[in-house]
2 protein chains.
Amino acid sequence: MPFDAPFTEVHAPALFGNPEGGASGVKIRYAREEEIFGEGEPAEYVYQVLSGAVRTYRILRDGRRQIDEFHFAGGYFGMEVGSAHRTTAEAIGNSTVLVARRATFTDMADQRGDVARQLLKLTMEGSQRRQDHVVLLGRKSASERVVSLLLDLAERSGSPSVLDVPMSRQDMADYLGLTIETVSRTLTQLQTDGMISIPTTRRIVLRNRAALADMIE
Amino acid sequence: MPFDAPFTEVHAPALFGNPEGGASGVKIRYAREEEIFGEGEPAEYVYQVLSGAVRTYRILRDGRRQIDEFHFAGGYFGMEVGSAHRTTAEAIGNSTVLVARRATFTDMADQRGDVARQLLKLTMEGSQRRQDHVVLLGRKSASERVVSLLLDLAERSGSPSVLDVPMSRQDMADYLGLTIETVSRTLTQLQTDGMISIPTTRRIVLRNRAALADMIE
DNA sequence: CGTTAGTTTGACCTAATTCAAATACTGTGG
DNA sequence: CCACAGTATTTGAATTAGGTCAAACTAACG
């Protein structure tokens, strides 16, 4: 492991960025590819990404994987209705994550209207993201899917033209409901068409935002 | 229209089944295929199905449609983070729907912890449904998708063996990310294999639940 | 009953997958 | 800092699941 084993800090920022009185948590580091929780495990904690990136996914019997969501700094994940996690969560690169007991957190939501409202808002935003994901998977072509992801990644990191892509091509494929080969070919084609350039595997430059946006409605 | 125009009743059950003090609403009837709200319209009300069935969907520029969810008696829909609806909602068959002002409803959630908790729970359940939908669309084959829908419909109506399917083949296709022809061929094949029988178009008998369940993990 | 819309079936096609191989990275230890 | 080993990515060729186009059939409704 090229990264320190998970460690704990006593003082940590409040969960969900509540300035004062938010449910505080414990900061934990995860190494690249390290599991944060597994599908089926008790959902005792909720999580917020402080730095790095996290993927949550489900696996079918025969190994097919579907990534449910990519979580970046500020994103929260791991909250469930029932008592068990419905996905597996893993750090994509070395990441720091804020962890709080779910019970502490829901107690706080029960007591404070603003926390409850914020929790509901975050949950609804996650639900809307999944709604977009459903449209993408149900009705978009391979190139539309790839472009949607690129523009989404750009938007989520402040809309720079030079994108740092933290995840592998396999991760992209498993998020987009495609194969790694199709993702690769599509990116190559977009480069050939002058829409993007790919200086390195994990870096993609958006060369023609308007045309890209036009591809996905 | 074979159905009465929407009408209003003064006295209506409480929204979300809260026994006393729940945000009460107004009961409205919608005829088959009638629109309840359109994508982009102000999201001023929230809705709960009392009888019948409702579909919510998005449409892409070129007309591709993705059904986000089917809502049956007890299901709620139309709640948004922002000020506008992100989907269009239509009655599938003649349906009655309970309608409440969103503001009234969120005010109540602010004042009463139990209402806030219930709202969060319902929102999270909807989000989990979409998560399953994402896995279905991203990684399942046509027959797995169709079988998943059949078993889901059965489960949601108390797991009878004889299913009353309220929606058209086109609706099924647009929910499953398939074409109407593929849905039809898949159903025919399932019948040929003895897994189901299709006495009428809108009625499907599950003949071998164990084998069907086995097809979808 | 007749008309119209919804569904099924058939033949053919294509976007994306699969299988296979070449190429390019990345991290690690010397 | 460089070379090597292992992994990730790209590219190519062949295949296929599901889509498209078209026509026949069926059911619902006035």
Does any part of the side chain of [Y], heavy atoms only, come nearer than 4.5 Å to the side chain of [X], both counted from C-beta?
X       : Y       : answer
L190(B) : I198(B) : no
M172(B) : I180(B) : no
I92(A)  : F72(A)  : no
D174(B) : R139(A) : yes
I196(B) : Q191(B) : yes

Review point. For P199(A) and T179(A), take the nucleotide of DNA chain C holding the closest heavy atom to each; which residue's nucleotide lies nearer the 5' end?
Key: T179(A)
To the nearest Å, give me how far apart [atom1] ([X]) and [atom2] ([N]) are.
X       : N       : atom1 : atom2 : answer
M172(A) : dT10(D) : CE    : C1'   : 14 Å
R203(B) : dT26(D) : CZ    : C1'   : 18 Å
I92(A)  : dA8(D)  : CD1   : C1'   : 16 Å
L137(A) : dA15(C) : CG    : C1'   : 16 Å
Q189(B) : dA17(D) : CD    : P     : 12 Å

Short side-chain to backbone donor-acceptor contact, [X] and [Y], under 3.5 Å:
X       : Y       : value
R102(B) : E80(B)  : yes
R145(B) : L137(B) : yes
T96(B)  : S51(B)  : yes

Exercise for review: Not counting sequence neighbours, which residues clear ring-ring contact (aromatic ring centres under 6.0 Å, His included) with Y175(B)? List them please.
Suggested key: F70(B), H133(B)
Point to revise | Donor-acceptor side-chain pairing of D132(A) and Q128(A) below 3.5 angstrom | key: no
Review point. Going by number, which of residues 141-151 of chain A have a non-hydrogen atom under 4.0 Å from DNA chain C?
Key: S141(A), A142(A)
Practice item. Output the residues of residues 63-73 of chain B in contact with DNA chain C, where contact means a heavy atom of the residue under 4.0 Å from an atom of the strand; sort by number or write none. Key: none
Would you list the protein and nucleotides 1-7 of chain D atom pairs, both N or O, that sit under 3.5 Å from each other?
none

Check your understanding: Do other residues, nucleotides or ligands put more than 12 heavy atoms under 6.0 Å from R156(A) CZ?
Key -> yes
Point to revise | Check: F37(A) ring centroid to Y47(A) ring centroid under 6.0 Å | key: yes
Name the pairs: protein N/O against N/O of nucleotides 2-9 of chain C, kept only if under 3.5 Å.
residue : atom : partner : partner atom : Å
dT7(C)  : OP1  : R169(B) : N            : 3.4
dT7(C)  : OP2  : R169(B) : N            : 3.3
dT8(C)  : OP1  : R169(B) : NH2          : 3.3
dT8(C)  : OP2  : R169(B) : NE           : 2.9
dT8(C)  : OP2  : S184(B) : OG           : 2.9
dT8(C)  : O5'  : S184(B) : OG           : 3.0
dT9(C)  : OP2  : T188(B) : OG1          : 2.7

Check your understanding: With sequence neighbours left out, what residues match S141(A) under side chain to side chain contact (heavy atoms under 4.5 Å, CB included)?
Key -> S143(A), E144(A)
